[in-house]
Amino acid sequence: MFKPFYITTPIYYVNARPHLGHAYTTIVADVARRFHSMRGQETFFLTGTDEHGDKVVRSAKKEGLSPRTYVDQISGLFRSLWPELNIQYNYFIRTTDVSHISIVEEIMQKIYDAGDIYFSEYEGLYCFGCERFYTARELVDGKCPDHETAPEIIKESNYFFKMGRYQNWLIDHIKNNPDFITPERYKNEVLSFLKEPLEDLCISRPKTRLKWGITLPFDENYVTYVWFDALLNYVSALGYPDGDLFKTYWPNARHVVGKDILKPHGIYWPIMLKAAGIPEYQQLHVHGYWNVDQSKMSKSIGNVVEPLQLKNVYGLDAFRFFLMRDMVFGLDSNFSEAALVQRINSDLANDLGNLFSRILTMAIKYFSGVVPQIDAKVEREFELGLDSEALKAITEFENHMETFVFHKALMAIWELISHMNKYIDLTTPWVLAKKKSSRKQLEVVIYNLLEALRIISGLIYPIMPDTAKTMQKHLGLDPEKPFYHLEILKRWKSLAPGTKLLKSVALFPRIDLKEDQTSSQTKRESGADMPAVKPEITLDTFDKIDLRAGTVIHAEAIPRAKKMLKLEVDLGEKKTIVAGISGSYSPEELVGRQVIVVANLKPAKLMGILSNGMLLAAVEGDDCTIATLDKKVKSGTPIR
RNA sequence: GGCGAUGUAGCUCAGAUGGUCAGAGCAUACGGCUCAUAUCCGUAGUGUCCGGGGUUCAAUUCCCUGCAUCGCCA
């Protein structure tokens, strides 16, 4: 029996919207959680948002909102994203939760009473964007390297946490528990950092400078510094110290984090736990970055792949599969649409999808869609080791999933898929089907293949839960049952003869790129984000387009149309134009503005309204910016 | 500036205490099958294993050095 399993993501800082990096971390946690439920383990999955600090106050102010309203909004974005990615968390914590705050106070008081927190004066160069002090040498031209603004000199008294006291203890702990921080490269990184003496950690901010935080229990003039408040979420969410959840799950706690927050999780957090007299977490799993178009994914760089967008285009399960299959956990990876499409076509459509389809079709054709009964003697002759291949795949899968080596876990499944394709080739069921005398052999072959499909559907469950269920359904099984339990998967010949199968479906349609492919190819080669320039045209061709200056005289949203606005535009004569820009503009802000209109575009009915033209706009993904004129001209003026 | 990692087929990456260690997947070419989502199976390649120097009977693998990329620290 395995212990109950507790997995966490970091609580995400709410000064930015969710991006691919957040999605990856959270999907990893979801996959791990689902894997452990395959072993019949009880699981608890925690995620949430980190909502205090200066940056939040600033972001809120920029949007003209109170911090409270602002954090509610962004936190809501995260919370509503996860179900869309089929992520099943048990609890969503917010550092502004009352229950969290009271536990932070309790633990801080405990550490303070133990004498590990002291009061001291500090002067330094402070960057408000980074919420941290800088040493003079760290600055570039006297400016913060991230924000390119000059830091301010701030002198203040603060509370400090004596980390150095626990340094040697931590080194020993890491050495005695080789799996405490994985993969190994990150353990080494932490150890090498610990070779230098640890500085004490500043854990407070005076309220004169920052009010948006948790008040220190031992000094009401101060609030906690972001990390101290944030890290404690992992125990406060379980109802430390007496909650049943805490007792059940904390002994097997695993944290998933990106390498950017290795230090807080690999150093501050274990020391905080030690100082508070709380047992250590079990394991820290550190992953790398997804690089998108060469530059990194980052909260502050704004170069962000909308995870939602790609999962909508190519399907959620394919998206989850790609993230888990293409990244070696711990290392950086490159994210590109072309790589995603290649994975989908070769691994999902050609291998898995096609295999599923060919087996089901044969079963339906040869056995009227009923799982055949098999003859034991013929079975031995025609099994060809498929059962042991399946068992091998399960074993390897289990080992790799346990250690977060997801890409190898998936490779083990795909090796079985490849064996099944070879098995079909060797046994040639379509030949067996032609003769009555080989009926028994055919039964064995098809039965074995269906059985192997059952196993595959269970193994892909943590990564592609929806596809797993679809496969179960078509195999005549109940997708709501825990079909993915490893114990059931290991039981070869579980599929009962007589089970009614469903007609096959294309699990993953092939994606044909054609011209699209070339444009995205050029995109990558030129290094820029832009689509390739279209083929050359002559001036004559251009002259056929009648562009006019127009003035928007009325604008309204179209009910039930997500992006569409209905505009009345004055082009000398009044025209109705439907434009897909409501994601970027409200109707009110458009009225009175001058726009550039394609005046001779063939009218088209959009959302039931006849549109007599098109606005010019720069389009960046979902966002667009309308083209306007430098100064006001008469409505209807031609443009060339 | 210090420490560390990485540099292997067109692409993404495996690899060995120095001697079948030059590999896999994808992409490419050719052959086969027809149950299948033009899918599957088989065959075939190409590589100064980043450059230079050294140790050795033998180095892609060890040492030194240079270059490039990346990370951590100051």
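Chain A is the first sequence line, chain B the second, and so forth, proteins listed ahead of strands; every chain is numbered from 1.
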Nearest heavy-atom contact between A:Gly288 and A:Lys259 is CA-CD, 4.2 Å
Nucleotide opposite B:rC62 in a Watson-Crick or G-U pair, distances under 3.5 Å = B:rG54
Checking N1-N3 plus N6-O4 or O6-N4 for Watson-Crick, or N1-O2 and O6-N3 for wobble, each under 3.5 Å, the partner of B:rG4 is B:rC70
With heavy atoms under 4.0 Å as the rule, sort A:Phe356 into base, sugar-phosphate or nothing.
-> nothing
What's the CD1-C1' distance between A:Ile424 and B:rG32, to the nearest Å?
-> 16 Å
Could you give the distance separating B:rA24 and B:rU46 at their P atoms, to the nearest angstrom?
-> 12 Å
Taking atom P in both B:rG7 and B:rG45, compute the distance separating them and give it to the nearest angstrom.
-> 26 Å
What is the nucleic acid contact for A:Leu262, judged by heavy atoms within less than 4.0 Å: base, sugar-phosphate only, or nothing?
-> nothing
What residues form a side-chain hydrogen bond (donor to acceptor under 3.5 Å, both in side chains) with A:His419, not counting sequence neighbours?
-> A:Glu389
Among B:rU37, B:rC73, B:rG71, which is the nearest nucleotide to the side chain of A:Phe193?
-> B:rC73
Taken to the nearest whole Å, CZ/A:Phe322 to C1'/B:rU12 is 10 Å
Rounded to the nearest Å, what distance is computed from the CE atom of residue A:Met362 to the P atom of nucleotide B:rU37?
-> 11 Å
A:Tyr423 OH to B:rC33 P: how many Å, rounded?
-> 22 Å
Should B:rC30 form a Watson-Crick or G-U wobble pair with both distances under 3.5 Å, which nucleotide is its partner?
-> B:rG42
Walking RNA chain B from its 5' end, the first of A:Trp430 and A:Asp326 to be reached, judged by nearest nucleotide, is A:Asp326
Can you spot which of A:Phe329, A:Tyr186, A:Phe35 makes a ring pair (Phe, Tyr, Trp, His ring centres under 6.0 Å) with A:Phe404?
-> A:Phe329
Could you measure between the two P atoms, the one in B:rG42 and the one in B:rG25, and give it in whole Å?
-> 10 Å
Between B:rC40, B:rG71, B:rU37, which nucleotide gets closest to the side-chain atoms of A:Arg358?
-> B:rC40
Distance-minimising heavy-atom pair for A:Gly266 and A:Leu170 | O-CD2, 3.8 Å
Between A:Glu379 and A:Tyr447, do the side chains contain an N or O donor and an N or O acceptor separated by less than 3.5 Å?
-> no
Honestly, is A:Arg454 close enough over A:Phe483, meaning NZ or CZ under 6.0 Å from the six-membered ring centre and within 45° of the axis?
-> no
Could you work out the separation of B:rU28 and B:rA68 based on their C1' atoms and round it to a whole Å?
-> 29 Å
Between the protein and nucleotides 25-31 of chain B, which nitrogen or oxygen pairs come in under 3.5 angstrom?
{"residue": "B:rC26", "atom": "O2'", "partner": "A:Gln342", "partner atom": "OE1", "Å": "3.1"}
{"residue": "B:rC26", "atom": "O2'", "partner": "A:Gln342", "partner atom": "NE2", "Å": "2.5"}

How many Å lie between CZ on A:Arg185 and C1' on B:rC3, as a whole number?
-> 15 Å
By nearest-heavy-atom nucleotide on RNA chain B, the more 5' of A:Lys365 and A:Glu196 is A:Lys365
Whole angstrom is fine here: how far is it from CG in A:Asn354 over to C1' in B:rC33?
-> 13 Å
A:Leu198 CG to B:rC73 C1', straight-line distance once rounded to whole Å | 13 Å
Taking atom P in both B:rC30 and B:rU6, what distance in whole Å separates the two?
-> 40 Å
Testing B:rC41, B:rG71, B:rU37 for proximity to the side chain of A:Lys422, the answer is B:rC41
Please work out whether the ring planes of A:His265 and A:Trp227 are parallel, tilted or perpendicular, with thresholds of 30° and 60°.
-> perpendicular
Could you tell me which nucleotide pairs with B:rG23 by Watson-Crick or G-U wobble geometry, both distances under 3.5 Å, or answer none if nothing does?
-> B:rC13
Distance, P atom - from B:rC50 to B:rG10, rounded to whole angstrom = 14 Å
For A:Tyr225 and A:Asn158, test the side chains for any donor-to-acceptor distance below 3.5 angstrom and give the result as yes or no.
-> no
With a 4.0 Å cut-off on heavy atoms, is A:Ser192 in touch with a base, just the backbone sugar-phosphate, or nothing at all?
-> nothing
Starting from C1' on B:rA74, measure out to NZ on A:Lys195 and report it in whole angstrom.
-> 15 Å
B:rU56 versus B:rC13 - spacing of their C1' atoms, nearest Å | 31 Å
Plane angle bin for A:Tyr24 and A:Trp290 - parallel if under 30°, tilted between 30 and 60°, otherwise perpendicular = perpendicular
Return the nearest nucleotide to the side chain of A:Asn421; candidates are B:rC41, B:rU39, B:rC35.
-> B:rC41
Should A:Lys263 be listed as having a side-chain N or O under 4.0 Å from OP1 or OP2 of B:rC73?
-> yes
Can you tell me how far C1' in B:rG53 sits from the matching atom in B:rC67, rounded to whole Å?
-> 15 Å
Could you check which nucleotide pairs with B:rC49 in any of the strands shown, counting Watson-Crick or G-U wobble with both distances under 3.5 Å?
-> none
Ring geometry between A:His173 and A:Phe180 (parallel below 30°, tilted from 30 to 60°, perpendicular above 60°) | perpendicular
May I ask you to verify if any side-chain N or O of A:Arg510 is less than 4.0 angstrom from the OP1 or OP2 atom of B:rU39?
-> yes
